[in-house]
Amino acid sequence: MSDDAAPWLIVGLGNPGPEYAGNRHNIGFMVVDLLAERIGGKFKAHKARAQVVEGRMGPPGPANRRVVLAKPMSFMNLSGGPVTALRDFYKVPLERIVAVHDELDIDYPTLRLKLGGGDNGHNGLKSMTKSMGADYHRVRCGIGRPPGRMQVADFVLKDFSSTERKELDWFVDRAADAVECLVSEGLERAQSAYNS
């Protein structure tokens with residue numbers, strides 16, 4: 001199969017289970033849930049310990065791309081295993097993998113897209129990079145830093161505040177738009193449209 005035929009693998013990072021669903025750490029899940037809705041797919045269990053949806057994304061014509069949306073079911077700090085298994089199963093080149101994740105060093109609700117780079121202490125990225133190298137795309141959803149002396153771990157595993165929730169739907173929607181733009185029009189175009 002030529003690289004052109006390979007799908008894009010869009011991974012939302014988060015923790016499985018209803019008790020984590022509204023956490024800041026789960027914004028990646030929220031974004032891929034919305035993308036699945038947009039392409040009319042339902043998540044199904046995959047042997048790679050992930051939930052996946054296969055479909056197509058982007059405008060009709062040459063910019064329409066095959067995509068696999070995925071939510072690893074392994075807990076955040078072990079995301080690399082399921083993602084690597086999905087990469088091998090679908091034969092996805094590294095530069096067609098997109099991780100959608102929360103980012104402490106960016107203010108809420110700000111987006112930044114990039115290719116490669118460090119993990120910035122994010123355990124999901126750390127696990128992915130350890131498993132397959134760092135040269136995958138990131139859609140970084142800013143959640144800001146914890147207030148006062150709150151521990152980072154406590155902050156990311158808390159639900160968005162009532163103030164943040166007022167903008168959450170808009171933010172998730174914008175992040176989903178950014179993923180679609182990245183997949184159909186490329187990183188530079190998506191960065192100029194969505195990096196704020």
Side-chain angles (χ1 to χ4, degrees), residues 3 6-17 20-21 23-36 43-55 57 65-106 110-143 152-153 155-157 171-172 175-176 178-183 186-187 190-191 194-195:
D3 266 7
W8 282 74
L9 175 58
I10 298 153
V11 181
L13 293 179
N15 286 308
Y20 299 104
N23 290 179
R24 293 183 176 92
H25 224 16
N26 272 40
I27 194 161
F29 275 17
M30 297 172 197
V31 174
V32 294
D33 281 340
L34 179 60
L35 288 166
F43 279 96
K44 294 181 177 67
H46 189 281
K47 65 180 183 194
R49 285 188 314 157
Q51 299 263 323
V52 300
V53 170
E54 296 178 50
M57 184 180 282
R65 304 273 187 256
R66 254 182 82 209
V67 293
V68 177
L69 306 174
K71 298 191 289 189
M73 291 287 121
S74 59
F75 288 100
M76 183 69 89
N77 55 352
L78 301 170
S79 301
V83 177
T84 304
L86 289 169
R87 176 201 67 184
D88 296 347
F89 182 85
Y90 290 104
K91 301 181 175 53
V92 180
L94 195 53
E95 67 277 4
R96 284 206 183 177
I97 295 175
V98 182
V100 184
H101 63 91
D102 58 311
E103 177 66 69
L104 288 159
D105 286 336
I106 302 174
T110 304
L111 280 178
R112 298 258 167 80
L113 289 83
K114 70 174 187 176
L115 176 63
D119 56 52
N120 232 3
H122 192 289
N123 290 330
L125 297 179
K126 201 175 284 181
S127 176
M128 282 179 64
T129 298
K130 194 173 155 195
S131 292
M132 39 185 216
D135 293 331
Y136 51 89
H137 287 90
R138 294 59 178 322
V139 175
R140 305 156 74 206
C141 304
I143 59 169
V152 165
F155 179 70
V156 299
L157 294 176
F171 190 30
V172 168
V179 171
E180 290 183 347
C181 183
L182 168 63
V183 167
L187 181 61
Q191 284 174 324
Y194 294 97
N195 276 13

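- With hydrogens and angles disregarded, no donor-acceptor distance shorter than 3.5 Å links the side chain of N123 to the backbone of M76.
- In this view, T129 and A134, Y136, R138 satisfy the side-chain contact (heavy atoms from CB on, under 4.5 Å) rule, not counting sequence neighbours.
- Rounding to the nearest 0.5 Å places NZ of K47 at 10.0 Å from CG of L86.
- With contacts defined as side-chain heavy-atom distances shorter than 4.5 Å, the pair V92/P7 qualifies.
- Taken to the nearest 0.5 Å, the CG atom of L125 stands 6.0 Å off from the CG atom of L13.
- You'll find the side chain of R87 reaches within 4.5 Å of the side chain of M132, heavy atoms only.
- Here the side chains of V31 and V139 are not in contact, with every heavy-atom distance at 4.5 Å or above.
- Judged by distance alone, the side chains of N15 and N23 never bring a donor and an acceptor atom under 3.5 Å apart.
- Separation of atoms CZ (F75) and NE2 (H25) is listed at 11.5 Å; rounding is to 0.5 Å.
- In this structure, the side chain of N120 does not engage the main chain of H122 through any donor-acceptor pair within 3.5 Å.
- Within the 4.5 Å cutoff, the side chain of V156 has heavy atoms near those of the I143 side chain.
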For this session: Tell me, with the steps shown, if Y90 and R96 meet side chain to side chain contact (heavy atoms under 4.5 Å, CB included).
Result: CA-CA 11 Å; Y90 290 104; R96 284 206 183 177; over 6 Å; no
Problem set entry | Check against side chain to side chain contact (heavy atoms under 4.5 Å, CB included), V98 and V11 | CA-CA 6 Å; V98 182; V11 181; over 6 Å; no
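- Using modelled atom types, one side-chain atom of S131 and one backbone atom of S127 make a donor-acceptor pair closer than 3.5 Å.
- The nearest pair of heavy atoms linking P93 to A6 is CD-CB, 3.6 Å.
- Using modelled atom types, no side-chain atom of R140 and backbone atom of D102 make a donor-acceptor pair closer than 3.5 Å.
- Remark: C181 SG to Y194 OH distance equals 5.5 Å, nearest 0.5 Å.
- Taking the side chain as every heavy atom from C-beta outward, V172 and I27 approach each other to under 4.5 Å.
- Nearest approach of L35 to A176, heavy atoms of both residues: CD2-O, 3.6 Å.
- The salt bridge (charged side-chain N to carboxylate O under 4.0 Å, His left out) search around D33 returns K71, not counting sequence neighbours.
- Taking a 6.0 Å sphere around NZ of K114, one finds it holds more than 12 heavy atoms contributed by other residues, nucleotides or ligands.
- A 4.5 Å side-chain heavy-atom check between I10 and M57 finds at least one atom pair inside the cut-off.
- Taking both residues in full, the closest heavy atoms of E54 and V68 are given as CG-CG2, 4.2 Å, listed atom of the first, atom of the second, then distance.
- In this structure, H137 contributes its side chain and A99 its backbone to no donor-acceptor pair below 3.5 Å.
- Residues C141 and V100 come closest through the heavy atom pair SG-CG1, 4.1 Å.
- Taking the six-membered ring wherever Trp is involved, the centroid distance between the rings of H101 and F29 does not fall below 6.0 Å.
- The shortest non-hydrogen separation linking A190 to L113 is CB-CD2, 3.7 Å.
- No side-chain heavy atom of W8 sits less than 4.5 Å from a side-chain heavy atom of E95.
- To the nearest 0.5 angstrom, I97 atom CD1 is 7.5 Å from T84 atom OG1.
- The distance from the CZ atom of R112 to the CG atom of N195 is 6.5 Å, given to the nearest 0.5 Å.
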Problem set entry | Working for side chain to side chain contact (heavy atoms under 4.5 Å, CB included), residues V52 and L69 | CA-CA 5 Å; V52 300; L69 306 174; over 6 Å; no
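- Of the possible polar contacts, one joining the R24 side chain to the F155 backbone as a donor-acceptor pair under 3.5 Å is found.
- Within the 4.5 Å cutoff, no side-chain heavy atoms of V183 are placed close to those of E180.
- Counting all heavy atoms, side chain and backbone alike, G12 lies closest to P72 at O-CD, 3.3 Å.
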